Each structure stands twice: as C-alpha cells, then as structure tokens.
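Within every chain, numbering begins at 1; the chains are lettered A, B, ... in the order of the sequence lines, protein sequences first and strands thereafter. Just the heavy atoms: all of them, side chains too, but no hydrogens, waters or symmetry mates, feed the values below. Source: prediction; values computed, not measured.
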Amino acid sequence: MTPDPCYADESAAIRRTIPLFDGHRAARGYALNAMCFSFNDAANRAAFRADEDAYCARFALTEQQRKAVADRDVLAMLEAGGNVYYLAKLAGILGLGVQDLGALQTGMSLDAFKAMLTAWAEKIPNGKHA
Amino acid sequence: MTPDPCYADESAAIRRTIPLFDGHRAARGYALNAMCFSFNDAANRAAFRADEDAYCARFALTEQQRKAVADRDVLAMLEAGGNVYYLAKLAGILGLGVQDLGALQTGMSLDAFKAMLTAWAEKIPNGKHA
Amino acid sequence: MAQIIGGYFTSHVPGIGGAIVRGDQDTPYWKPFFDGFPPIREWLAEAKPDVAVVFSNDHGLNFFLDKMPTFAVGAAATYDNADEGWGLPVYKSFTGHPALSWHLIDALVRDEFDITTCQQMLVDHAVSIPFELAWPGAESWPIKLIPIAINTVQYPLPSPKRCLALGRAVNRALQSWGGTERILVCGTGGLSHQLDGPRAGFMNPEYDMFCLDNLAADPEALTGHSAEQVAELAGTQGVEILNWIAARGALGDLPLTQISRNYHIPISNTAAASLLLEAA
Amino acid sequence: MAQIIGGYFTSHVPGIGGAIVRGDQDTPYWKPFFDGFPPIREWLAEAKPDVAVVFSNDHGLNFFLDKMPTFAVGAAATYDNADEGWGLPVYKSFTGHPALSWHLIDALVRDEFDITTCQQMLVDHAVSIPFELAWPGAESWPIKLIPIAINTVQYPLPSPKRCLALGRAVNRALQSWGGTERILVCGTGGLSHQLDGPRAGFMNPEYDMFCLDNLAADPEALTGHSAEQVAELAGTQGVEILNWIAARGALGDLPLTQISRNYHIPISNTAAASLLLEAA
Ligand SMILES: [Fe+3]
Ligand SMILES: [Fe+3]
C-alpha cells in the first residue's frame, strides 16, 4: 500500500502510538466487533456461553481473533482490531469489569491497578476537588 | 404546535405544495414505510401475500395506512406518510410498475399517462437531443 | 500520483435494467437512450480506470428512516447488490478499495464533512445499472468501487451548494492520495422526473438543459437553488441531480472535454441522460 | 419564546449505575462523587426545564461499524434504553419532542451539518445515568429528550472545533424555535480516562482542570487540539469531552453562572466531574 499523506502527520503518529481505533483497526476488527455487538442480546450471550466455538465461527472470526478470545487475552483482542466499547460486552460475559480489564492489560494485580487509579488524585492541581 | 420559523419561508411552502417527504410526513408514515422496507426480503413479500391483514398488523400500520393499502389507493398511501421509494416495493408485489402508479395517481388511463410522458419530448429546447 | 481521468454521468432508472434483461436495447423505445453508451464504453476501454468514486442515492435498500445519513461513504472490501423487491436481477458484487476509502473519510471529516462511515453497505440499481451500462455483460466488474450515498429521500436534503462542496473536498482528498490509480468519478440518477403524487409524470427539459449546459463549465450555476427548488424544477426524484453536482465537484478544476452527451425523453417516467467528461 | 436555561454536564460511567443499584451513594468511595448532585437537583427542581438537548456518545448499543455517523440527531417520539450486555438495569423510556427535533434537523442541514437523522434510536447509559443522577427514582422522567450522538468510537472523530460549531448551530436553531419550552442543554461523559491498552488507567487531572476552568468563559480554548491530541491528553475514552464542548456551544453567548462544580478521582477508571452552568 502506498503511503497515505493523511497519516503522514502528527495525528497519524498519535493514532499509531496510543493506538487509536481508526480505519486500519476498524477494518481488521470488524468480525470480532460484530460478534461483541451481538452480545447486547441476552440470547446471544447464552449462545456464546453454550458453545463458544460455534458462536465464534458464526461471526467468521479470524484465527488471530479466535485465539485472542480463547486465551482471554485482551491486548491480543485489541491487536486483532477489537474496540473496547464492544469488547466490554464480551468482558461482561467473562465476568470482568473495567478494573479487571485494566489489570489484565497493564500486567498489574487488581489491587495495584486500583491503587494506581487512586494515586491520580494526588496530581489534581492545587487540590481542586471542585 | 407553535409555528416553526424554519417552515415559514419559501422552502417550507414548496414542501407543502409539491408535497415533499419531510419530517411531518416521515414521522406520520414510519410504520407504513417500515413495512414496505421489509419487502426487500422475498420471504416477507410472500408473508404479505399470504395474509395481508396479519402482516400489516405486525408493522402496526395506522388505520388510515391499513385502509390505503387495502384500497390499493396510492394517493392515500402518500397522504398517510408513505414515501414512493418504499411504496415502490409494495407496488412490485401488487404487480404495478411506475407507469401504472402514475396513471393511478393522476387519474389518467395508462395509455393517456404514457402519451403524456412522451409528449414532454416536444418541450426539449431547440430539439437538443444531445 | 493518482489521476482523475474523467466523469461519467448517467440516469439509473430501474427500467433500464429490465430493458437489458429483455434485450430491448435496439427497439425504437430504448435505442435513443442506449445510443448514448457506445462512445462511453469505447472511452472507458481506452482509458482503463482502476477505481470509480460513485455518487448516488439509496432507494430503500441499505438505509431506512431509522438512521438516514446526509452523506455516507463506503469503506468496505466488497459491496453486494441485493433484491430490491420488484424483480431486477441481482447484479455482481463490487470490489471496494478500503485504503482509499479510509483516506477519503479521514480527509472529509478533517474538512468538516460530517459523514457516516459504512464498513458494510448494499448498493442498489443506482450503482449497478450505471456499471452494467458501462461494462455490459462483463464477467466481473473491471474496476473497484467507492460508493458515496447522498440523501435524496427525506428532507432536509443537502443543498446543491453543499453537494458541490462535498465533491470538491473529495477532489482535494483524491489529489492528496499517494497511489497511482486512474480514478473515474461517477454521478448517477435523474434527470427530471417525478414518481409520486398528482404531479407524477412531470419532467422539465428546460431545467435539464440548463444542468447539462452548465455542469462542466460553470457548476456554480446549479447551486443557486435550494434542494426544495430543485424538487420543484426537476420533480421529486429529479433531485438526484445532486449526485451529478457532487460528482462534478470531485472532478475539481481540471479542464474538461465533453466526449459524449445524450438526452432522451421518455425512459420509463424519466428524462434520461448520459454524459462523459474527460479531464485533461 | 423558548428559553435556554442552562447546561448540565456530568460523567456517565456505567459504574455509577451499579453504585445506585447497590445504594452505595454514601460510602466513602462514592460519596465525593455523589456530593456533586444535590445542588444540581435543587436547581433543576426550581428551574423546571421542559426538554433536554443531550449531547452524548453511543457505546455500541444503537450504532455499529456498519454505519457509523459523525453526528446523529434523534427525531423519535420515544427513546428506549436497553440491555447493553453487562448487567445495568434497563432504565425507563424517554419521551421525545419530534417537532423540535425536526426543527433542529432542518436548521442543522441548512447550516451545512451533514447529520444522520434517527427516527428510531436506543439511548444507552450515556443518557440514562445523567438522567438518573438528576432525577433519582423519578416515576417517569420529568423532561423530554432530544438526543444528539457524537462519534467518539471510530476515528476520524469530529474535531473539538467542529463539535463547538455543531453546538452553536444547535443554539441558533433553538433560538429560532417558536415554542415556549424551557430548554436544558446536557453534555455527558469524561473526564479523562482510558480503558484500553497498556495505558489503561491513565488520567490527566491537569487537562481536566484546563477544561473545567475554560468551558464556560472561553470554550475556544478547548478547540486548539485535534481529536487525536485530545485522546493523547485525556485518554482514549476521555475524548467524550467532545460532548461537553458541543453542549457548551449550544448554550450560546449568554452570560453563564457556575452553580455547581465537582471533580473527583477515581470513579471506576475515570476522573469524574459534574458541572452546572446557569444561563442568564
Ligand atoms: Fe433513482
Ligand atoms: Fe462513556
């Protein structure tokens, strides 16, 4: 693919480094996100729980996506194009809250992750709580 | 409802006189148009044919819409908020093409309507066919 | 550098598809319309475009009134045609160009066009009939597709002025694309016609001539009307001229040579036209 | 004449809903956040708005990547909340204001905002939690809803500048509305937080203060960044500040008095805030 001038600037650099969910990722992750979007429906959540393999096959997950889901590997799901707004619905099935996700992704223990969250309060300028 | 300045101008006047499919009509016609949109699916067309009453009830057509459909009254369907892009799919079920629709709506015979269409050619400035 | 090679404009009336199925191209009724296409086909065979950016409107296949976008840009790898409910054959699928689509989408949003991005999108006769007219009976479409859908169904419609601006933003985006594709711009639909209501059967050859005479050299002339005024002039479905106006904008400021132009009344309920503009 | 009475801004983290279900409002963890709301509730009880224009973002309940609008405006008579997949209660339905919605839609398209019009639209926790915080336990919501959804999911996002412009166009439209409603503007989401990736748990109190300090008096200050820069500053979900910026624009140029402001870290993974600005 030829270089894309729209990506040849600061915005593009930020998209790559954070990374952000742009066209590259959205295209790559479509099947995985479509499956997760389906989990708004309780019947679909039950179907996934009942036969995870069959359910993933129904949405034609890529091999990379299927493995990431099987491994419960959140970073790999993101790398496979998953978007956290949709993945959160899968996390719900797996009984994982956003702090569990945070711990998994940062490699911290849940307690260490929670402590890190709390510690941000110390950075509030001039203790401006209001 | 209080007067709406957005409608108090020339565009508004045109919308009323032609009339055009704007919010007033789109809101009124939602159920009828939703039913017609469903006719993209052959199974739905068959279901309508098999039991028109039940199918219309499933889409919660208003009484006015149900009567217009039962009467095959195209002008009444439009008045009930139908949009011709969706109604065309219902017309297909009823075996009506756009020229049949034109004849029905103008009260002309099909032949007279076709002749009227052809007659527009006489208005081409300087016979500019290309 | 990618190159915009020209603009192909045509009516897309479903009846054209029926005529093709029946093999009616040379009948007295249809011949004057189909006669517009041999020069277009010859030019396309010579010019060999790689990708078409097609401005058209959905007719209730892909979009419904639950979510009706003003402008929608496709970003899919494949676009399927599908059953529209009244008997046209289902046409071959179209290959997309996701990388260029996303480039356009990025540039358009940066230029403050509030588009809807479609990673999945069915395209209807407004795309398939112009393709079938250009490449009749092709085994597969010889060109990739980027579809851009303009709302011509539910008012408020975008104004002719806004549609021209959209096209021009697409032109800027195409110019900044680093690929080597030969790009064809298409605008489909129209010209004057009205299917609904007591005015059904209305046409306006004078307004159509005004559009055909000015599109290439002075597209601004077409932007003096509101969308409602266009509906009054061109009929309720004649507003599909918005697709032509946007496509004209996407040709940018290059000098344009008219290779082919055809106008005929009636095709179905419609004043039908085709036009080919070569960009130098 | 319709009157814009003020702006109500709040975080909308789903965890807030969980805390309400469990009755945790007065626990040490949650109290500093919920303490922001008594003054807001008192002001609302006094000010009695009739309709709320709410800028928020969908979290994968109503919109998917098949058709992702940059800006979507609701035009429904009723908006339902629904199961989002991870256990929040389904909240009461919302009554719409279709006539005012269509007035906004007409005005926005005329002002060259290429919105997607939604006659059917589910609203998620980004609307229901701010309503539950404002009118806890109400038998039915005491106020009508016009939801405006901004894409904060899939890049390209609209820029802060474009979001402020959208809000200002909404303001102009509200000012030209002939009704007598008392209108509340809401912006929901944020402040800084990031749920995904190795930077999960990131917050930025300094940027949050910059936003809170400037939103009322100098909203232009928030438009110097691209959406990508906002994501860098505020975290990938902190870009929900776009909803606040658009809502600020919808307040227009009226003098604004800060009735209430609260900022607390952490709520769930988020730096949480609430803000009430009265328009004079
Ligand atoms: Fe058409
Ligand atoms: Fe959120």
Counting only heavy atoms from other residues, nucleotides and ligands, does the tally under 6.0 Å from NZ of D:Lys92 exceed 12? yes
Note: vs chain A, highest number of non-hydrogen pairs under 4.5 angstrom among D:Thr236, D:Leu275, D:Asp196, D:Leu212 is D:Asp196
By number, which residues in residues 54-72 of chain A have some heavy atom less than 4.5 Å away from chain D? none
So does A:Thr17 get a backbone contact from the side chain of D:Glu232, meaning a donor-acceptor N/O pair under 3.5 Å? no
Quick check on A:Ala103 against chain D: is it the side chain, the backbone, both or neither that has a heavy atom closer than 4.5 Å? neither
To the nearest 0.5 Å, what is the distance between CD (D:Gln194) and CD (A:Gln105)? 8.5 Å
Say you draw a straight line from CD1 of A:Ile14 to OH of D:Tyr155; how long is it, rounded to the nearest 0.5 Å? 9.0 Å
Heavy-atom distance under 4.5 Å to chain A: side chain of D:Asp124, backbone, both or neither? neither
So if I take each residue of residues 90-99 of chain A and look for any heavy atom under 4.5 Å from a heavy atom in chain D, which residues do I end up with? A:Gly92, A:Val98, A:Gln99
Turns out that what part of D:Asp66 lies under 4.5 Å from chain A's heavy atoms comes down to both
Output yes when A:Lys123 and D:Glu206 qualify as a salt bridge under the 4.0 Å nitrogen-oxygen rule, no when they do not. no
Answer with side chain, backbone, both or neither: which region of D:Pro32 has an atom nearer than 4.5 Å to a non-hydrogen atom of chain A? neither
Below 4.5 Å, heavy atoms only, C-beta onward: do D:Leu65 and A:Phe21 meet side chain to side chain? yes
When only heavy atoms count and the cut-off is under 4.5 Å, which of residues 74-87 of chain A reach chain D? A:Leu75, A:Leu78, A:Asn83, A:Val84, A:Tyr85, A:Tyr86
Measuring only between side-chain heavy atoms, which start at C-beta, is A:Phe113 closer than 4.5 Å to D:Asn269? yes
Would you mind reporting whether A:Ile124 and D:Ile265 have side-chain heavy atoms less than 4.5 Å apart? yes
D:Glu228 and A:Arg15, any side-chain heavy atoms less than 4.5 Å apart: yes
Filtered by a 4.5 Å non-hydrogen cutoff, the part of residues 27-47 of chain A contacting chain D is A:Tyr30, A:Asn33, A:Ala34, A:Phe37, A:Phe39, A:Asn40, A:Ala42, A:Arg45
Contact between D:Gln154 and A:Arg25 at the side-chain level, heavy atoms closer than 4.5 Å - yes or no? no
Most contacts with chain A, counted as non-hydrogen pairs under 4.5 angstrom, among D:Pro198, D:Gly235, D:Gly36: D:Pro198
Non-hydrogen atoms of chain A under 4.5 Å away: do they reach the side chain of D:Tyr29, the backbone, both or neither? side chain
Max heavy-atom pairs within cutoff under 4.5 Å with chain A, candidates D:Ser260, D:Gly85, D:Gly15, goes to D:Gly85
When only pairs under 4.5 Å are counted, which of A:Ala88, A:Gly107, A:Gly102 shares the most heavy-atom pairs with chain D? A:Ala88
Out of A:Thr106, A:Leu20, A:Ile18, which one racks up the most heavy-atom pairs below 4.5 Å with chain D? A:Leu20
Is the closest side-chain heavy-atom distance between D:Pro266 and A:Trp120 below 4.5 Å? no
With a 4.5 angstrom heavy-atom cut-off, which part of D:Ser226 approaches chain A: side chain, backbone, both or neither? side chain
